Amino acid sequence: MTTTLECAEPKAPSGEKRTPRPGRIRRVGLPYLLLLPALLLELLVHLVPMGVGIVMSFKALTQFYIRDWGTAPWSGLDNFKVSVDFDAPVGEALLHSFLVTVAFTLLSVTLCWLIGTAAAVFMQDTFRGRGLLRALFLVPYALPVYAAVITWVFMFQHDNGLVNHVLHDQLHLTDKPSFWLIGDNSFYALLIVSVWKGWPFAFLIVMAGLQNIPRELYEAAALDGAGVWQQIRRITLPSLGAVNQVLILVLFLWTFNDFNTPYVLFGRTAPEAADLVSVHIYQASFVTWNFGTGSAMSVLLLLFLLLVTGVYLTVTSRGRRASRA
């Protein structure tokens with residue numbers, strides 16, 4: 001019979017500093033070493049252009065200095081003053097674009113969350129074809145943005161689009177075919193595409209959060225006589241508090257900054273009713289060739305989103321702590 005003896009690591013005498021072994025240093029430092037390439041890539045892709053944009057916002061950078069933008073004269077806060085002067089044409093247009101973006105974002109995020117949550121709750125029950133239906137729900141989120149939005153462009157066409165064909169020719173809900181990509185209807189067209197593209201993400205996140213809720217809670221609530229709406233109100237929504245906190249924030253940031261959807265839907269010049277801030281900044285930079293003003297607008301947008309994010313996280317965290325107390 002053999003006995004295995006484990007050698008205990010000798011302890012350092014009291015008062016003597018223990019020197020970490022090289023093997024332990026390698027084990028502790030390995031995760032940070034593996035993260036280093038991703039951090040460097042993040043620095044190059046995001047932080048460096050952000051820093052360049054901030055510097056450009058303080059310069060009078062126009063098409064005359066585009067070949068060597070470093071030689072553009074410093075303008076101080078002039079670009080910011082022009083952007084926030086709401087009595088002048090530039091500031092007034094930016095304010096209108098900001099208000100349109102706020103209304104669009106609030107409606108889009110609310111509808112995405114409602115539809116995604118309702119679909120996720122519905123998918124909790126087991127029924128035939130549930131896996132296929134889940135896969136179909138995720139198709140809008142999985143499609144490339146350009147392929148998905150360009151399909152909606154054809155559907156919104158005035159003369160031969162599917163939307164007008166169904167609403168006017170088949171259902172007779174309108175007196176005449178509507179223009180969806182120009183005029184006031186462009187806002188609703190943009191909202192429809194944004195919700196169609198974004199609600200599967202909310203569905204995916206809420207569905208993953210529902211997996212962590214014990215089924216025993218619903219069974220006990222049903223035995224106590226709680227209906228479906230009471231179970232959702234008393235069990236589902238409180239249990240999804242942390243998930244919804246992150247989900248709504250991510251949806252807000254994505255929707256407020258969305259550039260691909262309106263650009264593919266309307267082109268370089270969006271209608272006034274669908275003039276989002278992202279497209280407005282693009283027009284101020286690459287259409288009027290005033291990169292200094294466009295950069296100043298981008299910095300103001302960044303500061304606004306940072307402020308909203310900080311306030312939102314503070315308020316929601318306090319609310320969750322108060323509900324637990």
Side-chain angles (χ1 to χ4, degrees), residues 46 50 83-84 86 91-120 140-141 143 145-146 148-149 152-153 156 180-181 183-206 240-241 243-285 294 296-317 319:
H46 292 285
M50 186 184 302
S83 300
V84 298
F86 302 135
E92 183 181 1
L94 180 61
L95 178 62
H96 172 268
S97 177
F98 174 78
L99 295 178
V100 170
T101 308
V102 170
F104 163 75
T105 303
L106 293 178
L107 289 173
S108 179
V109 171
T110 302
L111 291 174
C112 286
W113 181 82
L114 286 175
I115 298 174
T117 302
Y141 180 69
L143 284 176
V145 175
Y146 183 85
V149 178
W152 279 101
V153 172
F156 281 130
W180 291 98
L181 300 179
D184 294 338
N185 287 336
S186 59
F187 179 86
Y188 303 105
L190 179 61
L191 181 62
I192 290 171
V193 177
S194 177
V195 172
W196 177 84
K197 187 169 60 70
W199 78 264
F201 176 75
F203 162 72
L204 184 65
I205 299 301
V206 174
L240 292 175
V243 174
N244 284 328
Q245 180 185 17
V246 178
L247 172 62
I248 293 175
L249 178 61
V250 171
L251 286 175
F252 174 82
L253 295 177
W254 282 0
T255 307
F256 208 98
N257 282 320
D258 190 12
F259 173 80
N260 295 327
T261 302
Y263 184 80
V264 177
L265 199 60
F266 304 116
R268 297 179 62 182
T269 305
E272 187 178 358
D275 185 22
L276 300 187
V277 168
S278 57
V279 180
H280 189 85
I281 293 175
Y282 169 82
Q283 293 173 352
S285 301
M297 293 178 182
S298 299
V299 173
L300 291 174
L301 176 61
L302 173 63
L303 295 176
F304 170 76
L305 293 178
L306 289 175
L307 177 63
V308 172
T309 301
V311 173
Y312 173 81
L313 292 177
T314 302
V315 172
T316 53
S317 299

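For clarity, every value in this text was computed on a predicted model and none was experimentally measured.
Summarising the geometry of V264 relative to V153, their closest heavy-atom pair is O-CG2, 3.8 Å, with the distance given to 0.1 Å. In plain terms, the two heavy atoms of G198 and L251 that are nearest each other are O-CD2, 4.3 Å. A pairwise comparison of heavy atoms in A202 and L247 identifies CA-CD1, 3.8 Å as the closest pair. In terms of heavy atoms, A119 sits closest to W199 at CB-CZ3, 3.8 Å. Contact detail for A274 and L190: the closest heavy-atom pair is CB-CD2, 4.1 Å. Across E272 and V100, no two heavy atoms sit closer than the pair O-CG2, 4.3 Å.
To the nearest 0.5 Å, atoms CH2 (W254) and OG1 (T105) are separated by 14.5 Å. Rounding to the nearest 0.5 Å gives a distance of 14.0 Å between OH of Y263 and CG of D258. Atom CZ of residue F304 and atom CG of residue L306 lie 11.0 Å apart, to the nearest 0.5 angstrom. Residue N257 holds its CG atom at 8.5 Å from CZ of F252, rounded to the nearest 0.5 Å. Atoms CD1 and OG1, on I205 and T117 in that order, are 11.0 Å from each other to the nearest 0.5 Å. Atoms CG and OG, from L301 and S278 in turn, are 8.5 Å apart once rounded to the nearest 0.5 Å.
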Open item on the list: Run the side-chain contact (heavy atoms from CB on, under 4.5 Å) test on L300 and F98 for me, step by step, so that the C-alpha distance in whole Å, both residues' side-chain angles and the decisive distance to 0.1 Å come before the verdict.
Closed with: CA-CA 11 Å; L300 291 174; F98 174 78; over 6 Å; no

TODO: For T101 and H280, run side-chain contact (heavy atoms from CB on, under 4.5 Å): C-alpha distance rounded to whole Å, both residues' side-chain angles, the deciding distance at 0.1 Å, then the answer.
DONE: CA-CA 10 Å; T101 308; H280 189 85; over 6 Å; no

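For the pair F156/V193, a side-chain contact is recorded, criterion being any heavy-atom separation below 4.5 Å from C-beta on.
Every residue two or more places apart in sequence or in another chain that forms a ring pair (Phe, Tyr, Trp, His ring centres under 6.0 Å) with Y141 is listed here: F201. With sequence neighbours excluded, the residues that form a ring pair (Phe, Tyr, Trp, His ring centres under 6.0 Å) with F203 are F137. The ring pair (Phe, Tyr, Trp, His ring centres under 6.0 Å) test applied to Y146 returns no partner, not counting sequence neighbours.
Summarising the local packing, OH of Y312 is surrounded by more than 12 heavy atoms from other residues, nucleotides or ligands at distances under 6.0 Å. Enclosure of atom CD in Q283 by more than 12 non-hydrogen atoms of other residues, nucleotides or ligands within 6.0 angstrom is indicated.
A donor-acceptor contact shorter than 3.5 Å links the side chain of S97 to the backbone of L276. Side chain of S317 to main chain of L313: a donor-acceptor pair is present (N/O by atom type, distance under 3.5 Å, no hydrogens or angles). Side chain of T255 to main chain of V109: no donor-acceptor pair is present (N/O by atom type, distance under 3.5 Å, no hydrogens or angles).
Of the options L249, N244, V250, a side-chain contact (heavy atoms from CB on, under 4.5 Å) to V246 is made by V250 and by none of the others.
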